[in-house]
Amino acid sequence: MSRGRGAAARGGAGSPEEGSARARPAPGRKSAPPPASSATPRARPRRPPWDFGYAPVPTAAGDDDDGPLDVVVASRCPLAPDAVAAALGARWSGVAVERVIERTPIFWLRVRSPDRGRRADVAAALSAAALPVRYVASARRPSAAVAPRFDAAAGAAARPEGWTARRASVEDDPVTPGRWFLRDEGGGIGVDRRRCGGGAGTRLGVIDDDAWTADELGLEREVLVMMERPPRSQAHGAFMVAWAVGGRRPGGFRGVAPDASPRLYLIPKPGSCVLALPVAIVRAVSDGADVVVCAAYVEGSTTPMLDDALEFAARLGRRGRGCPVVFPTGREASSPPESLHASFSLGFGEPASDPRVFCVGPGARGEGWFLWRDRRGRSRPFANRGPAVRWLAPGDDITCPLPSASSATPALERLCHAESSGASALAAGSLLLVLSQNPSLRLPELDALVMRTLAPVPPAAPASAEPIADAWDVLPDGRDRDGHNAKHGYGRIDAGRACLAAGDPIALALVSVGEDGAARIWHDARAEGPLARRLYSRRLARWAVRALLADPSLCHGVCALVRHARLTAGDPRRRRAHGAGAVLRQLSLLVRALAASRAAPPPSPRVRDEITALLDRLERSATDAAAVADVESRFGALADIVFAGDTDGDAREGAA
């Protein structure tokens, strides 16, 4: 359900060998496909494996400088609207000043006048009146200008105020064909409710420009941003909430994070103003959102205000840990000059390309990029490509969640294309699940954790996609050395892996070495078995995950420990071959490194005390042969449980 608008590009660098005609692909599935070229087929020219027809649709409107005055004045401290009007009134008539945002460190006023004016002149007039201006920007037109830095330290971290969180539910997810996107196979995100939970305690802010059937959602609140009445003509915003969280009916549709609390922030349709999007982001983050997703059409709305809003989310969101903001890749079909191929390119200046944004593309059921079948049965793309794409999430046909199609009966289930919009909603739900497992994760740590647990996506189109309407549509057909592909980003989100890794350092190491099943067993042993549960507290576990993400050497040491456990599980002779005390020595060194790591985040006093006590016990054990044997025996029992499925080990754990 991406909200892109098809258009033919009027500029940009084309590749001469691509041909001389221009193609204008259809923007939606139901429209007629573009006509096939009648030119004589020829071999595709050789290209680097990372290349494709990289020419986005031009979205930037002409500059409105020196037109009727409609600007945003960003200041360094609160300004009285009357003072601003007085400073400008001598030069412009009918000056109207409206307070937009006043939330340290962001202070925005909107200034309008029917008289013509230049932004530089407005800034000069305000400075002459000794008013501390950061910048003056158009309220109606985009700009690639970067906002001057603000003092984030002066602002209070965003905390939930009046936003009620939900408790954990006890409902099960119905198993139907259209809910494949939740499962571990077939291109899904691998949600495992037993170990992922439902996102209880988290809050989701969805930004959209329409929300028909919003009364089906069970919203915590609907917030109007720069509008007086909610738009009710399309269900796009309602779909985003439903796929991420779910509906309100008992037994109804359950999204990725059904226990998260959603708010819907409605903004005006595109074209009238570029101010509503950044205002909505600041509002959602200030209100206490743990994740913000915006899948409305926002191409051509990059501004200094958006720069401020994303910086505010990253620096002050989620109690100062950073609030993730998710955007879809969108779908902008264009054709470079002298080309007969569609480029489907994400512009590098668009909001979704901002490095502070998690840009999500749509994945197919099965594997790969989401492609749709035209009326001739040929596969065509449904999303943009580009250097800024981070991850894939399911965007193929999935259950239509509203209104009555939420029935668990497969015969009553309707399917609809999620596309990149729906993929971003599913990605947002996945982030909520991860944060519910470890709320202390900071934004860079969340990014690193998801990256570490991604499912790889083959760069070439799968055989099931044949025939391809145009082979150029599925370029590039290779990965960079870091694993990135312009269609897939770094891979597909795997919520199951990410949730396992988020809450426990051993589970993180097990997932890192590819032992997902062992990580699940370890998770369950920590939850239910006394031997594993008593090793360390949940508080220490969450902090240690952050430490491993920050310190590669420390993470290597824990991964080496679990590899040793895997190699010796169920084989006492291998254990004895390494000599008495080898495991205890490694454990002591790891805990010592954990305590001394300069890369790890500062531990709380309680975590620091627990690490000190744990290290003291290990060092005392090293001086007692019986204690050494006991520690290594317990380590072997846990290795047998995790890797060998040893029922005797289960019995030993129960006895312990």
Side-chain angles (χ1 to χ4, degrees), residues 65 69-92 94-113 117-162 223 225-226 265 273-289 292 301-323 325 354 356 443:
D65 207 15
L69 205 61
D70 189 355
V71 297
V72 174
V73 174
S75 58
R76 301 186 183 279
C77 63
L79 297 180
D82 290 346
V84 173
L88 302 178
R91 182 162 182 178
W92 291 277
V95 174
V97 182
E98 172 191 0
R99 182 177 284 112
V100 179
I101 291 287
E102 189 173 295
R103 206 286 191 194
T104 308
I106 295 179
F107 309 100
W108 294 338
L109 297 172
R110 187 173 186 178
V111 177
R112 284 178 271 199
S113 167
R118 301 187 66 86
R119 295 187 287 274
D121 294 337
V122 173
L126 295 173
S127 297
L131 298 177
V133 178
R134 287 180 58 225
Y135 62 84
V136 178
S138 172
R140 301 179 59 85
R141 302 293 174 86
S143 169
V146 177
R149 289 172 292 176
F150 55 60
D151 183 11
R159 299 175 181 272
E161 294 183 4
V223 180
V225 179
M226 301 182 66
Y265 295 80
C273 175
V274 294
L275 183 55
L277 173 62
V279 170
I281 292 174
V282 174
R283 286 282 304 276
V285 173
S286 294
D287 289 347
V292 173
S301 60
T302 298
T303 61
M305 292 79 76
L306 181 62
D307 185 36
D308 273 354
L310 294 175
E311 191 71 10
F312 178 82
R315 301 283 297 279
L316 294 174
R318 208 167 52 86
R319 302 177 186 271
R321 301 183 185 108
C323 176
V325 179
D354 192 288
R356 294 161 293 190
L443 187 57

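Because the structure is predicted, anything quoted here is derived from the model rather than measured. In what follows, residues are counted from 1 in the order of the sequence shown.
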Is the closest side-chain heavy-atom distance between [X] and [Y] below 4.5 Å?
| X | Y | answer |
| --- | --- | --- |
| E98 | P81 | no |
| I281 | F312 | no |
| W108 | V282 | yes |
| L443 | R321 | no |
| S143 | S138 | no |
| V72 | V136 | no |

_Test item: R318 side-chain N/O and A157 main-chain N/O as donor-acceptor pair under 3.5 Å_ = no
*Any donor-acceptor N/O pair, T303 side chain to L306 backbone, under 3.5 Å*: yes
_Test log, rule side-chain contact (heavy atoms from CB on, under 4.5 Å), inputs V95 and V111_ = CA-CA 7 Å; V95 174; V111 177; 3.9 Å; yes
*Would you please name every residue forming a side chain to side chain contact (heavy atoms under 4.5 Å, CB included) with D70, sequence neighbours left out?*
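D70 satisfies side chain to side chain contact (heavy atoms under 4.5 Å, CB included) with R110, R112, A139, R140 once adjacent residues are dropped.
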About how many Å separate [atom2] of [Y] and [atom1] of [X], when rounded to the nearest 0.5 Å?
| X | Y | atom1 | atom2 | result |
| --- | --- | --- | --- | --- |
| R315 | D151 | CZ | CG | 8.5 Å |
| L131 | L79 | CG | CG | 5.5 Å |
| S301 | L275 | OG | CG | 11.0 Å |
| E311 | D354 | CD | CG | 9.0 Å |
| S75 | L109 | OG | CG | 6.0 Å |

*Go through the steps for R141 and V274 under the test side-chain contact (heavy atoms from CB on, under 4.5 Å), then give the verdict.*
CA-CA 6 Å; R141 302 293 174 86; V274 294; 5.9 Å; no
*Run the salt bridge (Lys or Arg N to Asp or Glu O under 4.0 Å) check on D307 and R356 step by step: do they pass?*
CA-CA 9 Å; D307 185 36; R356 294 161 293 190; 2.5 Å; yes
*Partner of I106 under side chain to side chain contact (heavy atoms under 4.5 Å, CB included), chosen from I101, V100, L316*: I101
*Between V73 and L126, does a side-chain contact (heavy atoms from CB on, under 4.5 Å) hold up when you go through it step by step?*
CA-CA 9 Å; V73 174; L126 295 173; 3.6 Å; yes
Provide the closest heavy-atom pair for [X] versus [Y] in the form atom of the first, atom of the second, distance.
| X | Y | answer |
| --- | --- | --- |
| R319 | P160 | NH2-CD, 3.7 Å |
| P105 | F150 | CG-CD1, 3.4 Å |
| M305 | A137 | SD-CB, 3.7 Å |
| W92 | A125 | CZ3-CB, 4.4 Å |
| E102 | F107 | CG-CD2, 3.7 Å |
| V292 | A284 | CG2-CB, 3.9 Å |

*Check step by step if salt bridge (Lys or Arg N to Asp or Glu O under 4.0 Å) holds for D308 and R134.*
CA-CA 11 Å; D308 273 354; R134 287 180 58 225; 2.9 Å; yes
